[in-house]
Amino acid sequence: MAIKGPKGTHDIIFNEINKWHIVESKLTELMQLYDYNEIRTPIFESTELFLRGVGDTTDIVDKEMYTFLDKGNRSITLRPEGTASVARAFIEHSGFNEVLPSKFYYIGPMFRYSRPQTGRYRQFHQFGIEVIGSINPYLDGEILELMMNIFISLGIKNLKLEINSVGCPSCRPLHKEKLKNYLKKNYSDLCPTCQGRYEKNPLRIFDCKNLQCQEIINNGPLITDNLCEECDDHFKKVKYYLEMTNVEYLINKKMVRGLDYYTKTAFEITAGKEGAQSSLGGGGRYDGLIEELGGPNLPGIGFAIGLERVVLTMEEQGLFDKLDNKHDKVYVANVSENNINTTIKLVQELRKNGVVAINDIMSRKLKNQFKYANKINADYVIIIGDDEIVNHIYPLKNMNTGEQIYCSLDELIKILRGV
RNA sequence: GUGGGUGUAGUUCAGUGGUAGAGCGCUAGUUUGUGGUACUAGUUGUCGUGGGUUCAAAUCCCAUCAUCCACCCCA
């Protein structure tokens, strides 16, 4: 039995890669417009980085990490997300001594040990951005606008941006107490998972899909009603920015995101469908993270987008149907084996002049060379036979119209370069 | 981690007890230097794996693995 890729991994192969190139080139194009710099960090880190950075009450750390000991007995973890690594690199290279804010973007594989299903893999790919060093609420607004702009630029429809504020260390503890007080009398009616959450992270009970938990929590106190003045003011300004820039959004007062480090603004974007893996991306502010990881007290904010889900959504919405190949492709056919040397030299000459050119490498006869040219979507075919070698006048056939003209090498190059 | 579906050719699938088939794809042919259509031929299978029942298993039973889907959670 042939060896297969490990569970939860997938190959991006054949035509599939074109879709990824479309998405990736749009992303990097936008990053230039917003003036972000790419950062490339290792795909494995010390396990401790994620324990401290992501938080040990999260499911990611609790049950989804790929952790192993290396040959030097160090505990290593394949990165389950990008923010902790970026924060670590920022601190390690004293980013706080450079111009602030630091604006990073990254793109690459992440690893989480969970059961695979639609839109979920054990090795998956994220695009994300992180901005470190600014507490300005208009930055939150700009980032939300950027995130929406990415999806809109890709042509994705039915977008839904949900935002919330999850408070900060000065208002969240008080709110937690209020919430726990409220839940105390209903404790025994909560599902087992939520009973566990009660102590560790009661805010997460808002996320529970259990109907009874929903009923109980529905009338409970909301974090947005218990924000301190600073957080409340911050949230108002974020909303103001979104209105100013015409970004449509919904406030979801029950949204609590899964990572411990979030403060103030938290958000998530979905596209249309309900339920299963509808989330295309999400993020939030993490004003305590840099300090928590041993750096100075600098605020941060970022988001991550799941690229498999973007590609999947774009497929569902038919956005890859009309793939435009930017460059004309020409196939140089030989009439017989005697002409092969000439086709090789011609292909080389065409490539030197910036023309995408290929020739036969399957020893096919002319008719089958045409069939092949057709299958690879060649725009033109040049035919090389004995006459052409003598006359230096080449037949150029347009494969879309069927029209065939005769021209010199110089004319060929001109036409094929689209001059 | 929990629950459910499915494993037969490269791919999509048919075949429910008598040792394997179709469409698509791929390769080639339909004689002279021209594709997309049509016709023809060829092409690959330890029927996921191991065991059991049976004269006989792709088909029934058990186990196992893989895969897909949903939940938890997230991207």
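Below, read A as the first sequence line, B as the second, and so on, with proteins coming before strands; counting in each chain starts at 1.
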- Note on the structure: Partner of B:U64 under the Watson-Crick or G-U wobble criteria, both distances under 3.5 Å, comes out as B:G48
Give each protein N/O atom lying under 3.5 Å from an N/O atom of nucleotides 7-13 of chain B, with the pair distance.
none

- Hey, which of these two, A:Tyr121 or A:Lys397, hits RNA chain B nearer its 5' end, going by closest nucleotide? A:Lys397
- Item | Parallel, tilted or perpendicular: rings of A:Tyr372 and A:Tyr331 (30°, 60°) | perpendicular
- Task: May I have the distance from A:Trp20 (atom CH2) to B:A75 (atom P), rounded to whole angstrom?
- Result: 16 Å
- Presence of A:Gln117 side-chain N/O under 4.0 Å of B:A70 phosphate oxygens OP1/OP2: yes
- Message: Walk me through whether A:Glu403 and A:Lys397 qualify under salt bridge (charged side-chain N to carboxylate O under 4.0 Å, His left out).
- Response: CA-CA 6 Å; A:Glu403 183 187 10; A:Lys397 180 165 183 172; over 6 Å; no
- Message: Counting the atoms with a prime plus P, OP1 and OP2 as sugar-phosphate, which does A:Ile305 contact under 4.0 Å by heavy atoms, base, sugar-phosphate, or nothing?
- Response: nothing
- Query: Which heavy atom in A:Ser102 sits nearest to a heavy atom in A:Gly95, and how many Å separate them?
  - Reply: OG-O, 4.3 Å
- Protein-nucleotide distance (A:Phe124, atom CZ; B:C74, atom C1'), rounded to Å: 8 Å
- Task: May I ask you to list the residues of residues 141-157 of chain A, by number, that have any heavy atom positioned under 4.0 Å from an atom of RNA chain B?
- Result: none
- Base, sugar-phosphate, or nothing: which does A:Gly119 touch, judged by heavy atoms less than 4.0 Å apart? base
- Query: A:Tyr36 and A:Tyr105: aromatic ring centres closer than 6.0 Å?
  - Reply: no
- Item | Full working for salt bridge (charged side-chain N to carboxylate O under 4.0 Å, His left out) between A:Lys239 and A:Glu243 | CA-CA 6 Å; A:Lys239 289 184 278 190; A:Glu243 274 145 34; over 6 Å; no
- Message: Determine whether a donor-acceptor pair (N or O, by modelled atom type, separation under 3.5 Å) exists between the side chain of A:Thr263 and the backbone of A:Asp287.
- Response: yes
Return the polar atom pairs (N/O with N/O) between nucleotides 64-66 of chain B and the protein under 3.5 Å, or none.
residue : atom : partner : partner atom : Å
B:A66   : O2'  : A:Lys4  : NZ           : 3.1

- So, for A:Tyr262 and A:Tyr286, is the gap between ring centers shorter than 6.0 Å? no
- Message: What is the distance, to the nearest angstrom, from the CE atom on A:Met399 to the C1' atom on B:G35?
- Response: 4 Å
- Query: Which residues pass the side chain to side chain donor-acceptor pair (under 3.5 Å) test with A:Lys180, sequence neighbours left out?
  - Reply: A:Glu199
- Message: Please give me the minimum heavy-atom distance between A:Pro80 and A:Met110, naming the atom from each residue.
- Response: O-CB, 3.9 Å
- Note on the structure: To the nearest angstrom, the NZ-P distance between A:Lys160 and B:A75 comes to 16 Å
- Item | For B:U19, the Watson-Crick or wobble partner whose two distances fall under 3.5 Å | none
- Message: Could you tell me if A:Glu130 and A:Thr83 have a donor-acceptor pair between their side chains, going purely by distance under 3.5 Å?
- Response: yes
- Message: In whole Å, I'd like the distance from the CD1 atom of A:Ile60 to the P atom of B:A75.
- Response: 6 Å
- Contact class for A:Glu268 vs. all strands (heavy atom < 4.0 Å): base, sugar-phosphate, or nothing? nothing
- Using modelled atom types only, decide if a donor and an acceptor are shared between the side chain of A:Asn391 and the backbone of A:Asp387 within a distance under 3.5 Å. yes
- Scan every strand shown for a Watson-Crick or G-U wobble partner of B:G1, both distances under 3.5 Å, and answer none if you come up empty. B:C71
- Task: Output every pair passing salt bridge (charged side-chain N to carboxylate O under 4.0 Å, His left out) with a member in residues 25-47 of chain A, not counting sequence neighbours, ordered by first then second residue.
- Result: A:Lys26-A:Glu29, A:Glu38-A:Arg40, A:Glu45-A:Arg88
- B:A14 - base-pair partner by Watson-Crick or wobble geometry, distances under 3.5 Å: none
- Item | Check: B:U34 base within 3.5 Å donor-acceptor of A:Gln369 side chain | no
- Query: Between A:Glu308 and A:Leu366, which has a closest nucleotide on RNA chain B that is more 5'?
  - Reply: A:Leu366
- Message: Using 30° and 60° as the class boundaries, would you call the ring planes of A:Phe111 and A:Tyr66 parallel, tilted or perpendicular?
- Response: perpendicular
- Item | Atom pair distance, as rounded to whole Å: CG in A:Asn334 and P in B:G33 | 12 Å
- Do A:Glu64 and B:G1 have a side chain to base donor-acceptor pair shorter than 3.5 Å? no
- Message: Against the six-membered ring of A:Tyr113, is A:Arg122 placed for a cation-pi contact (under 6.0 Å from the centre, within 45° of the normal)?
- Response: yes
For nucleotides 26-31 of chain B, tabulate all protein N/O to nucleotide N/O atom pairs closer than 3.5 Å, reporting atom names and distance.
residue : atom : partner  : partner atom : Å
B:U27   : OP1  : A:Arg364 : NH1          : 3.3
B:U27   : OP2  : A:Lys375 : NZ           : 2.8
B:G29   : OP1  : A:Lys365 : NZ           : 3.4
B:G29   : OP2  : A:Asn368 : ND2          : 2.6
B:U30   : OP2  : A:Lys365 : NZ           : 3.2

- Does a distance-only test, which skips hydrogens and angles, find a donor-acceptor pair under 3.5 Å between the side chain of A:Arg120 and the base of B:C69? no
- Give a yes or no on whether the backbone of A:Ala266 and the side-chain of A:Arg285 come within a donor-acceptor separation of less than 3.5 Å. no
- If we call it a pair only when both distances are under 3.5 Å in a Watson-Crick or G-U wobble match, what pairs with B:U43? B:G25
- CZ of A:Arg115 versus P of B:G5: gap in Å, rounded? 13 Å
- Task: Can you tell me the distance, in whole Å, between the CG atom of A:Asn374 and the P atom of B:G36?
- Result: 7 Å
- Item | Under-4.0 Å side-chain N/O to phosphate OP1/OP2 contact, A:Thr118 with B:C69 | yes
